[in-house]
*Asks:* 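I have a structure here, written as C-alpha cells, and I will follow up with some questions on it.
Indexing begins at 1, ligand by ligand and atom by atom, following the structure's order. This one's a predicted model, so the numbers in the text were calculated from it and none came from an experiment.
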Amino acid sequence: MTAVQEERGTDDLKELAERAGRDLEDASALEILQWAAETFGKRFCVTSSMEDAVVAHLASRALPGVDVVFLDTGYHFPETIGTRDAVEAVMDVNVITLTPRRTVAEQDAQYGPKLHDRDPDLCCKLRKVRPLEEGLENYLAWATGLRRDESPTRANTPVVGWDEKRQKVKISPIARWSQEDVDAYVAEHGVLTNPLLMDGYASVGCAPCTRRVLEGEDARAGRWAGRSKTECGLHG
Ligand code: SF4
C-alpha cells in the first residue's frame, strides 16, 4: 500500500469505492482484484465461507500470499473445515481463522442450548458478525464471493462498494458471475470446492442452519429454511 492510501480518510475511501464501483462494473473479476491489490496491498483481504475457493484463487493471482479470512463459528460441517485445511495446504494464500469469543459450550451455558433455533440473529451476531468486525479491523478493504444471481437480496451487489457498517471498501469481484461462470472457472483452474456441493447443497453455512436445496429453489433457499431470515448480518 502506498503512502497516499495510508493517508486516506474515510470520506476519501468512500468516494474511491463508489467511483471504482462505476469504473469497474464491466471489468473482469481478476482486473477488479488487481485494482484492489494495487490500491490496498496488504490491507486488503478476502473472506471465504469455504463453500469454494474461487475468490481466494482469483485473489491469489492478483496478490500472491493474500490473507483469506475464515470464520470458524464452531458449527461448521467437517467438510467445510477440511476445505479450509486444503486451501491452506495447497494455495498461495495466508488463511486466517477467526473464532467467536465463546466456544459453543460456553455460549450454551450462558444462553441455553441451540440458540440458533431460538434466536438465530443473536447467534449469528455472536458467532459471525462480531468476530468478523474485530478481524477486519486492520484492513481497509475486503472481498467477498457475493453474486447477484444468488438471491433477490443480493441482486444489486456492486462490484466495489462502501461498507457503511464497517467503514471499509467492500469488493465483490464475481458479483456479475452466474453459477455456470463459477463452474467453468473451477473446472479450468482445478479450484478446491466443498464436497457438500456435490451432495445437494447449493450454499454452505453452519450445519444446524443449512439444508440441501430442492429442485427449482434458489441457491440460498437451504439457509435458515422455514425462517424469514435470509442473511447472517455479514452483508447487510
Ligand atoms: S448460521 Fe446458525 S449456527 Fe451459524 S452463527 Fe448463524 S444462527 Fe448460529
Side-chain angles (χ1 to χ4, degrees), residues 45-56 68-88 95-137 139 142-147 149-155 157 163-166 168 170 172 193-214 217-236:
C45 70
V46 176
T47 55
S48 178
S49 64
M50 297 300 163
E51 187 173 295
D52 62 54
V54 167
V55 177
V68 173
V69 173
F70 170 69
L71 276 171
D72 186 353
T73 61
Y75 278 120
H76 282 304
F77 293 99
E79 290 87 342
T80 301
I81 300 300
T83 305
R84 187 269 319 265
D85 292 346
V87 165
E88 192 166 30
V95 175
I96 296 170
T97 296
L98 304 177
T99 53
R101 289 182 197 167
R102 290 183 182 82
T103 63
V104 169
E106 287 167 350
Q107 178 171 294
D108 286 355
Q110 180 163 1
Y111 295 96
K114 297 191 177 181
L115 184 61
H116 45 76
D117 286 353
R118 293 175 288 109
D119 191 346
D121 286 341
L122 177 59
C123 187
C124 278
K125 185 177 172 186
L126 296 170
R127 312 205 73 74
K128 289 185 168 182
V129 178
R130 197 179 281 167
L132 186 71
E133 252 157 38
E134 292 167 359
L136 290 183
E137 246 166 37
Y139 299 100
W142 61 303
T144 77
L146 296 185
R147 297 203 328 263
D149 73 342
E150 287 177 306
S151 67
T153 56
R154 297 185 173 186
T157 301
D163 178 353
E164 191 69 46
K165 195 151 96 182
R166 300 180 186 84
K168 294 184 192 302
K170 184 172 173 182
S172 300
T193 58
N194 194 310
L196 294 174
L197 296 180
M198 305 291 284
D199 190 21
Y201 293 84
S203 174
V204 182
C206 294
C209 303
T210 307
R211 67 150 169 80
R212 292 175 177 84
V213 288
L214 306 172
E217 287 184 329
D218 76 41
R220 290 182 60 80
R223 305 287 294 277
W224 304 284
R227 293 178 177 271
S228 58
K229 185 174 172 65
T230 56
E231 297 282 351
C232 50
L234 300 181
H235 302 297

*Asks:* From atom 2 (Fe) of ligand 1 out to just under 2.8 Å, does an N/O/S atom of His116 turn up?
*Replies:*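 So His116 does not bind atom 2 (Fe) of ligand 1 by this criterion.
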*Asks:* Between Thr210 and Val204 (side chain of the first, backbone of the second, donor and acceptor by atom type, cut-off under 3.5 Å), is there such a pair?
*Replies:*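 No: the side chain of Thr210 does not pair with the backbone of Val204.
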*Asks:* List every atom of ligand 1 that sits less than 4.0 Å from any heavy atom of Cys206, numbering the atoms from 1 in the order shown and giving each element.
*Replies:*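 Within the 4.0 Å cut-off of Cys206, ligand 1 contributes 1 (S), 3 (S), 4 (Fe).
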*Asks:* For atom 6 (Fe) of ligand 1, which of Pro131, Gly205, Cys124 has the closest heavy atom?
*Replies:*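 Looking at heavy atoms only, Cys124 sits closest to atom 6 (Fe) of ligand 1.
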*Asks:* Counting backbone and side-chain atoms alike, is an N, O or S atom of Cys123 positioned under 2.8 Å from atom 8 (Fe) of ligand 1?
*Replies:*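 Looking at Cys123, which is the residue asked about, there is an N, O or S atom under 2.8 Å from atom 8 (Fe) of ligand 1.
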*Asks:* Would you kindly say whether Thr99 and Asp72 are connected by a side-chain donor-acceptor distance under 3.5 Å?
*Replies:*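 There is no such pair between these side chains.
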*Asks:* Would you say the side-chain atoms of Arg212 pair up with the backbone N or O of Asp199, donor to acceptor, closer than 3.5 Å?
*Replies:*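 Side chain of Arg212 to backbone of Asp199: a pair is present.
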*Asks:* Determine yes or no for a side-chain-to-main-chain donor-acceptor pair under 3.5 angstrom, with Thr193 supplying the side chain and Ala53 the backbone.
*Replies:*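 Side chain of Thr193 to backbone of Ala53, a donor-acceptor pair under 3.5 Å: no, none is there.
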*Asks:* Under a 4.5 Å cut-off applied to non-hydrogen side-chain atoms, are Arg166 and Glu133 in contact?
*Replies:*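 Side-chain contact under 4.5 Å: yes.
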*Asks:* Taking the side chain as every heavy atom from C-beta outward, state whether Arg84 and His76 have any atom pair closer than 4.5 Å.
*Replies:*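 No, their side chains stay 4.5 Å or more apart.
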*Asks:* Only heavy atoms of Pro120, strictly under 4.0 Å: list the atoms of ligand 1 that pass.
*Replies:*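 Near Pro120, the atoms of ligand 1 are 7 (S).
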*Asks:* Quick one: which ligand 1 atoms are inside 4.0 Å of a heavy atom on Lys128?
*Replies:*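 Result: 1 (S).
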*Asks:* I'd like to check which ligand 1 atoms, numbered from 1 as shown, lie under 4.0 Å from a non-hydrogen atom of Cys209.
*Replies:*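 Near Cys209, meaning under 4.0 Å from one of its heavy atoms, ligand 1 has 1 (S), 2 (Fe), 3 (S), 7 (S).
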